[in-house]
**Student:** 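Let me give you the structure first, and then I'll get to my questions.
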Protein chains: 2
Amino acid sequence: MSEDTIRRRATVHDVARAAGVSLATVDRVLNGRPGVRAATAEKVEQAIAELGFARDLNASLMARARDLSVIFFIPDGTNEFMDGLAEAVHRRSPLALADRIHLDLRRIRAFDAAALARSLDQLSAAECDCAVIVSSDAPEVLAAIEAAHRRGVTVMTLVSDLPGSARRNFIGIDNVAAGRTAGSLMGRFLPQGGKVAVVAGSLHLRDHAERLEGFAAALRQEFPRVDIIGPLEGHDERTETADIVSALLDQNPDLAGLYNLGAGNGGLVAALEKSSRSGTVRVIAHELTGPTRAGLRSGAIDVVLDQNPDGEIREVIAAARALALDASRVTVTDPIEIGIFLRDNLR
Amino acid sequence: MSEDTIRRRATVHDVARAAGVSLATVDRVLNGRPGVRAATAEKVEQAIAELGFARDLNASLMARARDLSVIFFIPDGTNEFMDGLAEAVHRRSPLALADRIHLDLRRIRAFDAAALARSLDQLSAAECDCAVIVSSDAPEVLAAIEAAHRRGVTVMTLVSDLPGSARRNFIGIDNVAAGRTAGSLMGRFLPQGGKVAVVAGSLHLRDHAERLEGFAAALRQEFPRVDIIGPLEGHDERTETADIVSALLDQNPDLAGLYNLGAGNGGLVAALEKSSRSGTVRVIAHELTGPTRAGLRSGAIDVVLDQNPDGEIREVIAAARALALDASRVTVTDPIEIGIFLRDNLR
DNA sequence: AAGGTCATGAGGCACGTACCTCATTTCCAC
DNA sequence: GTGGAAATGAGGTACGTGCCTCATGACCTT
C-alpha cells in the first residue's frame, strides 16, 4: 500500500470545493448562522455527506475564544453518593481543561425541583454548552429542559433519567437490571430460601422503584422460596434507616437477607452491628461510599452494587464533546456498567 | 470575580518570555532536539515548572505532520478473549482517529515470544509512538521492550504485566483480587462447604497463577469448609478443557463448585450440559465471550468475572495521549475494574 | 429604474504548537 | 585573538476551524 492511498480527513476546504461555494458559506451552514439560501445550504449538506466530513473538534475549540462549558447540577444534602459524584467532577476537571472543556459544579437543594428549574432557566447558550442534571420527575424541570434546549443549551440527565423530556442523553445504569442482579445474588446466597427485607429511600424516585421491580421479579422467577418483606421507606436518611433496620431485626429473628436499594447506609451498618446479627444476615446495598465500604470490611454488608461515578463523569464529557461536534447525530457512549463489590475487590 | 482573574493557560510564548529565551529554544527543549546548553535548558525547565506549563496536545498534533500512532500486538489463535480485544480496538478506531490518534492492530502467534520480540525490534519512533503488547514473561521480549524504549518507542503491557521490564504502563485488572473475588463468591454460594475444582490454562501464565493464588487464599481465610481440587491445566483449549471437566464430574459425584480461571469455556459449558449436572454445580469463569454468555444464559455458569476490553482499550489510548503530552510525568489512568456478571446484568 | 435587502465570495487574523531556514552571537581551544 | 563549532534568535509557514470585515452581485419592491 503506497503513501497516496492514505486518505486525508475531509476539511471545510474540501467541502467548499465540492459544493462549489466559498469557505464563508460552509462556515455559515456549519454553525447555523443566517444568510444562506435553502438551496445553497442543501448543496453544502450534500457535500458534507458525500465527503463524510466531520468537523475537527480540537481545531474548532482552539479557534473559538471560549472553552466548551459543561455545568453539573448535583443535589446537595446528606447523600454520600452525590458527594462522590461532585468529587468525581473535581477529579476530572483538570484533565478536561487540558482538552478545553470547562467543568462547573453547582449544588442544588435535593428534591427542590423549582430551584433546579430556575437555575436551568438562567443558563444562556453563551455561558453553557451542556447542562447535566440529577433530577426527579417534576413538570417544572421538564419545562425548563425544553426551554433550555430551545435556547441552544443541551441538557443531559445523570443517574436518574427523565425519558419524556427534551434531555439529549442519559448517563447512568440500568436500574431494573441492577435490581435483578441483587435479587439473583440474594437468591444464590440463600439456597434454602428465607425471608428478605427490602428498604428503599422513596418509591417516588424512579431509580428506586426500578430497582425494586427488578429485585422482586428476579426472586419471583428464579428463587420462589425466598419471601420479600416490605418495602419500607427510610428516605435515604441515616437515623430513619437505622430505626427501620433495628425494628426489622427485632421482629424477624429468622431474617435471612436485607436489600437496601437506597441510601442511608450508615444507619444500616450501625443497626446491624448493634444487633450482633451482623454477618449472619446476607446484606446487599447500593453505591460504594464511606459507610458501605466500612460495612463490607466489617462483614456487615456482603455485596455493594455501584455505579462508578468517575466513569459516569467521563462519559458525560465524552457525550458533550460528541454533541459539540455534531449536534444532529445520535450520540453513542460506552454504557455505564453495574459494579459488584465484595470485600475482596474493593477499589 | 471579574474577568481578569481568569488565568489563561501558559503557552510556549509565556515560557520563552519567562525564561528569557526565544521560542526556538523552548521548542528544542520541549522536543528533546539538540543544540541547547545544559544551563539554558535548565532555565527553560524552571520556567515550565513555575508557570505550570503543559503542552497542548491537540495543538501539537495539529501542527505535526502525522497522527499519534499506537500499535497493538495481540495474540492470534483460538482465544475468544483476544478476539474481543481486537474487536475493541476496531470499535474505538474511528473515535480515536477523530482525535488524531491512529490505532493499528497486529496479530502475533500466541505464546511466540520470539516473533513478538522481532516485531518490536522493527518498530521505529517515526512510525510508532506507543506499542501495546499482551505477552508472557520471556527474556527476548524484555530485551525488545528495553531496546524499543531506547529508540523512543513507548511500550505498554495489556492484560498481563511484565513488572521487571522497561514497559511504561500496565493496563489491566488486579488478578489476585479477581481470584479472591471468585473465592469469596464461591464460598458464599456454598454455605455448607463442599468440593470445588479449579481449572487453569497454564500456571506459567502470570495472570492465571495470580488468580489461583487469590482464590485459594480467600477460601482458606474465609471459608475453610470448602476444599479445593486441582488445579488442572486445560491449556486454554476447548476440547482439552471439556475432557478435564467431564472427568472431574465423573470422578466427583458430590462436586459442588467449579472455577475456570483460564479460557476454553466452550468446552466447559459443553461438558457441563452433557453431564446433566448443569445448574447443580456452582460455576465461576472468566471473560465475557460467546461461550461464557451462552453458559450464563443456560444456567451452566453462575458468574463470569470480566476485564472490560473496551475499557482497557480506552485507557490505553488515554495513557498514550498523556504520555505524548509529557513523557517524564507519571501517568495515572482510571483503574480497570473487575466486572462481575450474572445472567441478570449481561451487557 | 432606483434603492434596498439579502446571499455570497474573498481574504485575513487568531488559537498553540511543530518544524524549517538563515543569520547572528557565544564559547572554547589553540 | 582567531578559527570553528555550537548555541541561540528571528521569523516564517502549516495544521483546521471560528469569526470578522468588506465588496460584489442578485433579486425584490415601489
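So you know, we letter chains A, B, ... as the sequences are listed, proteins then strands, and number each from 1.
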**Student:** Salt bridge (charged side-chain N to carboxylate O under 4.0 Å, His left out) with A:Asp137: which residues, sequence neighbours excluded?
**Tutor:** A:Arg206
**Student:** Between A:Asn58 (CG) and C:dT17 (P), how many Å, whole number?
**Tutor:** 13 Å
**Student:** How would you list, by chain and number, every residue that makes a side chain to side chain contact (heavy atoms under 4.5 Å, CB included) with B:Glu50, sequence neighbours excluded?
**Tutor:** B:Gln46
**Student:** How many whole angstroms separate atom CE of B:Met62 from atom C1' of C:dG16?
**Tutor:** 7 Å
**Student:** Any N/O pairs under 3.5 Å between the protein and nucleotides 18-26 of chain C? List them or say none.
**Tutor:**
residue, atom, partner, partner atom, Å
C:dA18, OP1, B:Asn31, OD1, 3.4
C:dA18, OP1, B:Arg55, NH1, 2.4
C:dA18, OP1, B:Ser60, OG, 3.4
C:dA18, OP2, B:Asn31, ND2, 3.4
C:dC19, OP2, B:Arg33, NH1, 2.9
C:dC19, OP2, B:Arg33, NH2, 3.3

**Student:** Can you tell me the distance, in whole Å, between the CD1 atom of B:Ile48 and the C1' atom of C:dT17?
**Tutor:** 13 Å
**Student:** Using side-chain hydrogen bond (donor to acceptor under 3.5 Å, both in side chains) as the criterion, list what pairs up with B:Glu45, not counting sequence neighbours.
**Tutor:** none
**Student:** Is the closest basic N to carboxylate O distance between A:Asp83 and A:Arg107 below 4.0 Å?
**Tutor:** yes
**Student:** Who are the side-chain hydrogen bond (donor to acceptor under 3.5 Å, both in side chains) partners of A:Arg167, not counting sequence neighbours?
**Tutor:** A:Asp161
**Student:** List in chain and number order the residues that pass salt bridge (charged side-chain N to carboxylate O under 4.0 Å, His left out) with A:Asp334, two or more places apart in sequence or in another chain; answer none if no residue qualifies.
**Tutor:** B:Arg92, B:Arg314
**Student:** C:dG16 P sits how many Å from B:Asp14 CG, rounded?
**Tutor:** 9 Å
**Student:** May I ask you to say what A:Arg100 touches in the nucleic acid, namely base, sugar-phosphate or nothing, with a heavy-atom cut-off under 4.0 Å?
**Tutor:** sugar-phosphate
**Student:** Could you tell me which residues satisfy salt bridge (charged side-chain N to carboxylate O under 4.0 Å, His left out) with B:Arg28, sequence neighbours excluded, listed by chain and number?
**Tutor:** none
**Student:** For DNA chain D, note the earliest and the latest nucleotide, 5' to 3', having some atom under 4.0 Å of a heavy atom belonging to chain A.
**Tutor:** D:dG16 to D:dC19
**Student:** Could you name each residue pair satisfying side chain to side chain donor-acceptor pair (under 3.5 Å) that touches residues 114-135 of chain B, not counting sequence neighbours?
**Tutor:** B:Arg66-B:Asp129
